[in-house]
Protein chains: 2
Amino acid sequence: MKSNSQLSLALHLLLHMADMEEPVTSGLLASAMNTNPVVIRRLMGGLREHGIVQSRKGHHGGWTLSRPLAELTLRDVYLALGGGPLLSLTHRTQNPDCLIEQAVNETLDGAFRDAEALLLARFADLSLAALQSRIHAAIHSPAHLCA
Amino acid sequence: MKSNSQLSLALHLLLHMADMEEPVTSGLLASAMNTNPVVIRRLMGGLREHGIVQSRKGHHGGWTLSRPLAELTLRDVYLALGGGPLLSLTHRTQNPDCLIEQAVNETLDGAFRDAEALLLARFADLSLAALQSRIHAAIHSPAHLCA
DNA sequence: ATTTCATGTAACTTTTATAGTTACATGAAA
DNA sequence: TTTCATGTAACTATAAAAGTTACATGAAAT
Ligand code: FES
Ligand code: FES
């Protein structure tokens, strides 16, 4: 399948928004990310339902963070995006009666679970504030947004 | 994209072959796996190039293991299949100049590398012989092959 | 009020990775 | 020389993700 880059996109968006005073429109964010406003709105919609961002319609509307980055971890963002699959390997379930298939898949699942758990634990240890400070050390105009 | 189940399939095939005396045809394997012979031949072709299986054409031809399962780990099989991506998450590389994108992606990559390393290490610890003995404990007719 | 602008969303198209299919050439055993 | 199986190219199908179009809804500004 086509590989999933929503987490990368979401983080990029949130970090940009953190440096903005005013609400930012999906149009502006989209052109900075070289994508389409609807893609942004869809993704942000998910984050809004988890209390991460807020939106306002109409004039001077747009998107703002609804809690400080220090209270947000990569894990929160990943889960708010729906917590989709982390691994690209699946197992075949063509004939569930086959004992070999069962044994193979149980074994693989064990390894998969461990890798996923490790990744989630890593995500939980990374706050967006940490990312942000790393970025601010490198950038000197915080509110920059490629339009 | 459609998710990748080659490793699961390959393991299933190898374990079946281990219990067979005679070479097995791609046609037979395919019907046991509910798939197409060409899918089997393609996959096995990769394994042959890495010395895992052998093929013979013509009458009574087919596929046989070319080394004992005890010398094969899941890692070997995974690598012989091409060592494709393990994780379904990627990062977006729309504007490589953007420092935020860079920081986000470096951070993600760190976590991804660790998870992949863990998974590979797990794979390296699992020999096919171990899988096989687990299966033989459950099955009493080793050479069974759903056709 | 009415104009303006931005979100909210449904429906559709495009892209890309994987799997499955058809067709046939090649080669080895019987 | 017939039979059977691999080897491979070319094509189709399926599925997941991303991008696009179109328009309804709602809020600010004048
Ligand atoms: S778009 Fe991220 S810094 Fe320019
Ligand atoms: S196909 Fe695996 S045991 Fe029947």
Side-chain angles (χ1 to χ4, degrees), chain A residues 1-10 12-13 17 20 22-49 53-64 66 78 81-94, chain B residues 1-10 12-13 17 20 22-49 53-64 66 81-94 147:
Chain A
M1 84 190 124
K2 216 167 164 179
S3 76
N4 181 325
S5 61
Q6 282 190 57
L7 181 58
S8 168
L9 175 59
H12 193 156
L13 290 171
M17 288 167 57
M20 307 302 236
E22 302 287 296
V24 198
T25 68
S26 59
L28 186 57
L29 291 170
S31 72
M33 304 293 151
N34 286 313
T35 183
N36 189 289
V38 177
V39 172
I40 305 288
R41 295 207 280 266
R42 272 201 296 241
L43 185 145
M44 296 292 264
L47 300 185
R48 184 189 44 219
E49 282 167 17
V53 298
Q54 282 175 307
S55 61
R56 218 173 53 201
K57 287 183 168 182
H59 236 127
H60 291 142
W63 301 87
T64 45
S66 56
Y78 163 70
L81 290 173
L86 292 171
L87 297 175
S88 57
L89 275 46
T90 337
H91 43 58
R92 164 169 291 254
T93 50
Q94 300 290 2
Chain B
M1 85 192 128
K2 222 166 159 178
S3 77
N4 181 325
S5 60
Q6 282 190 58
L7 181 57
S8 168
L9 175 59
H12 193 156
L13 291 171
M17 288 167 58
M20 306 303 236
E22 303 287 297
V24 198
T25 67
S26 60
L28 186 57
L29 292 170
S31 72
M33 304 293 151
N34 287 313
T35 183
N36 189 289
V38 176
V39 172
I40 305 289
R41 296 206 279 267
R42 272 200 299 241
L43 184 145
M44 297 291 263
L47 300 184
R48 184 188 45 217
E49 282 167 18
V53 297
Q54 283 175 307
S55 61
R56 218 171 55 199
K57 287 182 167 183
H59 234 125
H60 290 145
W63 300 88
T64 45
S66 56
L81 291 174
L86 292 170
L87 297 175
S88 57
L89 274 45
T90 337
H91 43 58
R92 163 170 292 254
T93 51
Q94 301 291 2

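Numbers restart at 1 for each chain; the letters A, B, ... are given by sequence-line order, proteins then strands.
One interatomic measurement links the two molecules: CG of B:L43 to C1' of C:dA19, which rounds to 11 Å at whole-angstrom precision. What separates CE of A:M33 from P of D:dA18 is a distance of 14 Å, to the nearest Å. Rounded to a whole Å, the CG atom of B:N34 is 14 Å from the C1' atom of C:dA19. Atom P of nucleotide C:dT21 and atom CZ of B:R41 are separated by 13 Å, given to the nearest angstrom. The nearest whole Å value for the distance from the CG atom in B:L29 to the P atom in C:dG20 is 14 Å. One interatomic measurement links the two molecules: CG of B:N36 to P of D:dT12, which rounds to 16 Å at whole-angstrom precision. We find that CG of B:L9 is positioned 10 Å from C1' of C:dA19, with the value rounded to whole Å. A straight line from CG of A:L7 to C1' of D:dA17 spans 15 Å, rounded to a whole angstrom.
For the pair A:R56 (side chain) and A:H60 (backbone), a donor-acceptor distance under 3.5 Å is present. Put simply, the side chain of A:Y78 never gets that close to the backbone of A:L86: no donor and acceptor are under 3.5 Å apart. The backbone N or O of B:R92 lies less than 3.5 Å from a partner atom in the side chain of A:S8, making a donor-acceptor pair.
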Close N or O pairs between protein and nucleotides 25-27 of chain D (under 3.5 Å):
unit_1 : atom_1 : unit_2 : atom_2 : d
D:dT25 : O2     : A:K57  : NZ     : 3.4
D:dG26 : O4'    : A:K57  : NZ     : 3.0
D:dG26 : N2     : A:G58  : N      : 3.1

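A sub-4.0 Å separation between OP1 or OP2 of D:dA5 and a side-chain N or O of B:H60 is absent. For the OP1/OP2 pair of C:dT18 and a distance below 4.0 Å, the side-chain nitrogens and oxygens of B:Q6 include no atom meeting the criterion. In this structure, B:S26 reaches the D:dT6 phosphate: one of its side-chain N or O atoms is under 4.0 Å from OP1 or OP2. For A:S55 and C:dT7, the shortest distance from a side-chain N or O to OP1 or OP2 is not below 4.0 Å. Remark: A:T35 is not in phosphate contact with D:dA18, judged by side-chain N or O atoms under 4.0 Å from OP1 or OP2.
Minimum interatomic distance between B:G61 and B:P23 (heavy atoms only, all atoms of both residues): O-CB, 3.8 Å.
Residues A:S88 and B:S88 have side chains that never bring a donor and an acceptor to within less than 3.5 angstrom of each other.
Rounded to the nearest 0.5 angstrom, A:L9 CG and B:T90 OG1 are separated by 12.0 Å. In this structure, CG on B:L7 lies 9.5 Å from CG on B:L43, to the nearest 0.5 angstrom.
Here the nucleotide nearest the side chain of A:R48, chosen from D:dG7, D:dA13, C:dT7, is C:dT7.
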side-chain contact (heavy atoms from CB on, under 4.5 Å) for B:L47 and B:E49? Distances and angles first, verdict last.
CA-CA 5 Å; B:L47 300 184; B:E49 282 167 18; over 6 Å; no
Working note: A:H12 + A:M17, criterion side-chain contact (heavy atoms from CB on, under 4.5 Å); need CA distance, chi angles, decisive distance, verdict.
CA-CA 9 Å; A:H12 193 156; A:M17 288 167 57; over 6 Å; no
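Among the protein residues, A:N4 comes within range of the sugar-phosphate backbone only, with heavy atoms under 4.0 Å from sugar or phosphate atoms but none that close to a base. Using a 4.0 Å heavy-atom distance criterion, B:S88 is classed as making no nucleic acid contact.
When the options B:L29, B:I40, B:L13 are evaluated for a side-chain contact (heavy atoms from CB on, under 4.5 Å) with B:V24, the one that passes is B:L29.
Nearer to the 5' terminus of DNA chain D, by closest-nucleotide assignment, is the contact made by B:R42 (compared with the other of B:R92 and B:R42).
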Under a 3.5 Å cutoff on both atom distances, Watson-Crick or G-U, what's the dot-bracket for DNA chain C ([ ] crossing, | other strand)?
||||||||||||||||||||||||||||||
